[in-house]
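Contents: one structure, followed by commentary.
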There are 2 protein chains.
Amino acid sequence: MNKTKTTYQANPRHYVAVDSIVFGFDGEDLKILLIKRKIEPLKGEWSLMGGFVQEKQSIDQAAEIVLKNLTGLDNVYLEQLSTFGEVQRDPIDRVISVAYYALIKLNEYDRQIVHNNGGEWFSISNYPKLILDHEEMVQTAISKLRRKCRTQPIGFELLPEKFTIPQLQSLYEAIWMQKLDKRNFRKKFLSMNLLDKLEEKDKENSKKGAFYYKFNKEKYEQLTSRGFIFEI
Amino acid sequence: MNKTKTTYQANPRHYVAVDSIVFGFDGEDLKILLIKRKIEPLKGEWSLMGGFVQEKQSIDQAAEIVLKNLTGLDNVYLEQLSTFGEVQRDPIDRVISVAYYALIKLNEYDRQIVHNNGGEWFSISNYPKLILDHEEMVQTAISKLRRKCRTQPIGFELLPEKFTIPQLQSLYEAIWMQKLDKRNFRKKFLSMNLLDKLEEKDKENSKKGAFYYKFNKEKYEQLTSRGFIFEI
DNA sequence: CCAAAAGTGTTCAGCTTACACCCATGA
DNA sequence: TCATGGGTGTAAGCTGAACACTTTTGG
């Protein structure tokens with residue numbers, strides 16, 4: 001036992017951090033949440049939200065806690081992206097950082113907490129220079145989101161419970177940065193039979209009003225277990 | 001400066017390891033390289049190859065060095081997979097492990113070095129129980145490889161420079177564990193115009209012989225820069 | 001009554017899939 | 001000469017892409 005400990009102890013230990021790219025959608029643009037860094041070095045510069053992994057935290061838990069502290073949110077879609085481990089990525093000391101990305105529903109969101117923590121939302125097509133390798137993390141996250149939302153129903157994580165087909169289309173247009181044909185989009189999405197149409201209409205965005213839909217997760221899981229593959 | 005150091009120093013440091021899933025293809029099966037663990041705990045059990053990240057190594061470098069030490073190979077396809085950070089994943093002490101996967105050409109391979117290091121090849125459909133969470137790492141790697149080889153020309157990393165279409169097809173069949181139609185496979189692959197046909201034939205696997213082909217990487221990169229997307 | 005967004009079908013091209021026979025050669 | 005794996009073409013169905021007009025209603 002002593003000998004085994006010794007085996008590990010011959011090796012160095014490292015600071016391990018988590019950094020999260022938090023995505024939101026305001027009906028127009030895909031946005032990311034940035035904060036003004038509160039610690040030296042680079043205090044006051046724009047940064048992803050992050051924190052160090054503590055002794056009794058799994059890295060997933062560390063990411064959840066950072067998100068919870070800065071936004072008040074938990075139970076959000078949060079997935080590991082990639083780990084950044086260049087020796088010199090932090091100018092002060094070596095820190096290995098595990099990047100995560102989160103998808104949150106902007107309207108359920110406590111904007112006050114974000115504001116108090118120096119957080120601000122920026123469009124993915126226009127955000128400030130970021131510290132360290134955070135720019136690379138953001139680009140990696142955007143690529144992953146673009147690819148993944150094609151074959152996994154994760155777009156709903158960015159929308160309210162009830163949404164209209166035009167809203168859903170706007171979301172995909174914002175993620176992919178391209179216009180889509182509304183007839184084809186509606187046809188393809190509805191043909192998967194994953195959306196339940198509600199009686200209610202959204203009258204905020206048009207005079208005619210658009211019917212609300214809900215994503216039926218149970219139906220999705222049922223179909224998936226029979227070999228169905230989501231694709232848009 | 002002193003103050004900034006202090007900020008980091010309030011946080012714990014962790015052992016960080018890399019573990020690699022090494023894939024090879026012998027013409028029949030997709031295989032993974034496993035070794036008998038040489039350190040306690042669990043000495044003698046089957047394990048992925050791994051090692052601790054040292055002070056002046058990036059995590060990518062650490063993965064390369066582990067691979068080089070145990071197989072003698074460098075300049076192989078090596079990509080980060082995912083990071084495993086459960087607190088209790090190692091029974092002795094907390095270790096955060098970054099998993100990588102490598103694709104190597106079995107025939108260019110120095111089998112002696114592997115053997116000397118206690119390494120052995122196992123089919124992905126029949127390999128022994130692995131230590132810690134290495135089983136999960138392997139399954140994650142197989143999933144990733146299956147998905148990725150559909151849209152990236154990474155299969156060639158598992159084949160010799162010169163290969164025949166039937167060999168290429170066997171590879172995809174081994175990865176996806178399903179039979180493919182040879183006419184459709186050939187048609188689809190050749191229609192991408194990424195393979196250069198050689199004069200020479202492989203006579204090892206049939207009396208008639210099959211023409212060798214080579215993957216034309218330059219052509220692939222040229223097409224890719226014009227928006228071409230590989231897909232099989 | 002008009003502006004603005006919601007909603008709806010059809011056609012065509014290209015791709016995927018299924019499927020069966022001849023060829024070359026070594027033993 | 002025969003067993004073995006290599007190599008080829010076509011037809012049918014399906015999917016993706018392009019495209020324009022009607023409906024509703026608040027102002």
Side-chain angles (χ1 to χ4, degrees), chain A residues 25-29 146-147 149-151 159-160 162-214 223 227-232, chain B residues 25-29 149-151 159-160 162-174 176 178-214 223 227-232:
Chain A
F25 178 62
D26 65 359
E28 282 287 318
D29 280 326
R146 282 193 179 136
R147 235 176 310 115
C149 73
R150 204 175 293 270
T151 53
L159 292 174
K162 300 185 295 185
F163 52 85
T164 68
I165 305 287
Q167 279 167 10
L168 185 62
Q169 181 175 343
S170 299
L171 171 63
Y172 278 89
E173 288 177 342
I175 294 174
W176 292 334
M177 285 185 175
Q178 60 169 304
K179 280 280 168 198
L180 303 171
D181 181 280
K182 64 177 175 171
R183 282 164 295 190
N184 294 337
F185 182 85
R186 178 183 293 265
K187 203 188 319 168
K188 186 154 183 189
F189 228 113
L190 291 181
S191 75
M192 289 191 284
N193 279 312
L194 296 173
L195 301 186
D196 294 339
K197 187 176 185 174
L198 308 184
E199 295 299 316
E200 200 186 349
K201 272 187 168 185
D202 163 49
K203 308 277 278 187
E204 281 194 23
N205 296 301
S206 75
K207 293 160 184 174
K208 185 179 179 182
F211 281 104
Y212 279 120
Y213 288 79
K214 262 185 162 169
L223 287 170
F228 166 80
I229 293 178
F230 178 93
E231 187 169 356
I232 189 69
Chain B
F25 178 64
D26 65 359
E28 282 286 319
D29 280 328
C149 73
R150 205 175 292 270
T151 53
L159 292 173
K162 301 186 294 188
F163 52 84
T164 67
I165 305 287
Q167 279 168 11
L168 185 61
Q169 181 175 343
S170 300
L171 171 63
Y172 279 90
E173 289 177 340
W176 292 333
Q178 60 169 303
K179 281 280 168 197
L180 302 171
D181 181 281
K182 65 178 176 173
R183 281 165 294 190
N184 294 337
F185 182 85
R186 179 183 292 265
K187 203 189 317 169
K188 185 154 185 191
F189 226 113
L190 292 179
S191 74
M192 288 191 285
N193 279 311
L194 295 173
L195 301 185
D196 295 339
K197 187 177 185 173
L198 307 184
E199 296 297 316
E200 200 184 350
K201 273 187 169 186
D202 162 49
K203 308 277 275 189
E204 281 194 24
N205 297 300
S206 75
K207 293 160 183 174
K208 183 179 180 182
F211 282 104
Y212 279 121
Y213 289 79
K214 262 185 161 168
L223 287 170
F228 165 80
I229 293 178
F230 177 92
E231 188 171 354
I232 189 68

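Just so we're on the same page: letters track the sequence lines, and every chain starts at 1. Worth saying up front: this structure is predicted, and the values here are computed from it rather than measured.
- With hydrogens and angles ignored, no donor-acceptor pair under 3.5 angstrom links the side chain of A:Lys201 to the base of D:dT24.
- For the pair B:Gln169 (side chain) and B:Leu180 (backbone), a donor-acceptor distance under 3.5 Å is present.
- Of the two residues near DNA chain D, B:Thr164 and A:Gly209, the one whose nearest nucleotide lies more 5' is B:Thr164.
- Side chain B:Asn184 to base C:dA18: a donor-acceptor pair is found below 3.5 Å.
- Between the CD atom of A:Gln167 and the C1' atom of C:dA6 there is a distance of 12 Å, given to the nearest Å.
- Atom P of nucleotide C:dT8 and atom CG of A:Asp181 are separated by 14 Å, given to the nearest angstrom.
- Between the base of D:dG26 and the side chain of A:Lys208 there is no donor-acceptor pair shorter than 3.5 Å.
- The distance between atom OH of A:Tyr212 and atom C1' of C:dA6, rounded to the nearest whole Å, is 14 Å.
- Toward the 5' end of DNA chain D, the nearer of the two residues A:Lys182 and B:Ala210, judged by each one's closest nucleotide, is B:Ala210.
- Summarising the geometry, the separation between CZ on B:Phe185 and C1' on C:dA18 is reported as 17 Å, rounded to the nearest angstrom.
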Test side-chain contact (heavy atoms from CB on, under 4.5 Å) applied to B:Phe228 and B:Asn193, step by step: CA-CA 11 Å; B:Phe228 165 80; B:Asn193 279 311; over 6 Å; no
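- Under a cut-off of 6.0 angstrom, the local environment of CD in A:Gln178 is crowded, with over 12 non-hydrogen atoms contributed by other residues, nucleotides or ligands.
- With hydrogens and angles left out, the side chain of A:Lys207 and the base of D:dT24 share no donor-acceptor pair within 3.5 Å.
- Taking both residues in full, the closest heavy atoms of A:Phe230 and A:Ile232 are given as CE2-CG2, 4.2 Å, listed atom of the first, atom of the second, then distance.
- The separation between A:Phe189 atom CZ and C:dT8 atom P is 16 Å, rounded to whole Å.
- A donor-acceptor contact under 3.5 Å is formed by the side chain of B:Arg183 with the base of C:dA20.
- Within the 4.0 Å cut-off from OP1 or OP2 of D:dT15, not a single side-chain nitrogen or oxygen of A:Lys188 is found.
- Distance B:Phe211 CZ to D:dG5 P: 19 Å, rounded to the nearest Å.
- Computed from coordinates, the A:Leu190 CG to C:dG9 C1' distance equals 14 Å when rounded to whole Å.
- Among the heavy atoms of the strands lying under 4.0 Å from A:Asn205 are primed sugar atoms or P, OP1, OP2 only; no base atom is included.
- Atoms CZ (B:Arg186) and P (D:dG9) sit 11 Å apart, rounded to a whole Å.
- In plain terms, the two heavy atoms of B:Trp176 and B:Cys149 that are nearest each other are NE1-SG, 3.6 Å.
- Looking at A:Lys203, its side chain has no donor and acceptor atom pair within 3.5 Å of the base of D:dG26.
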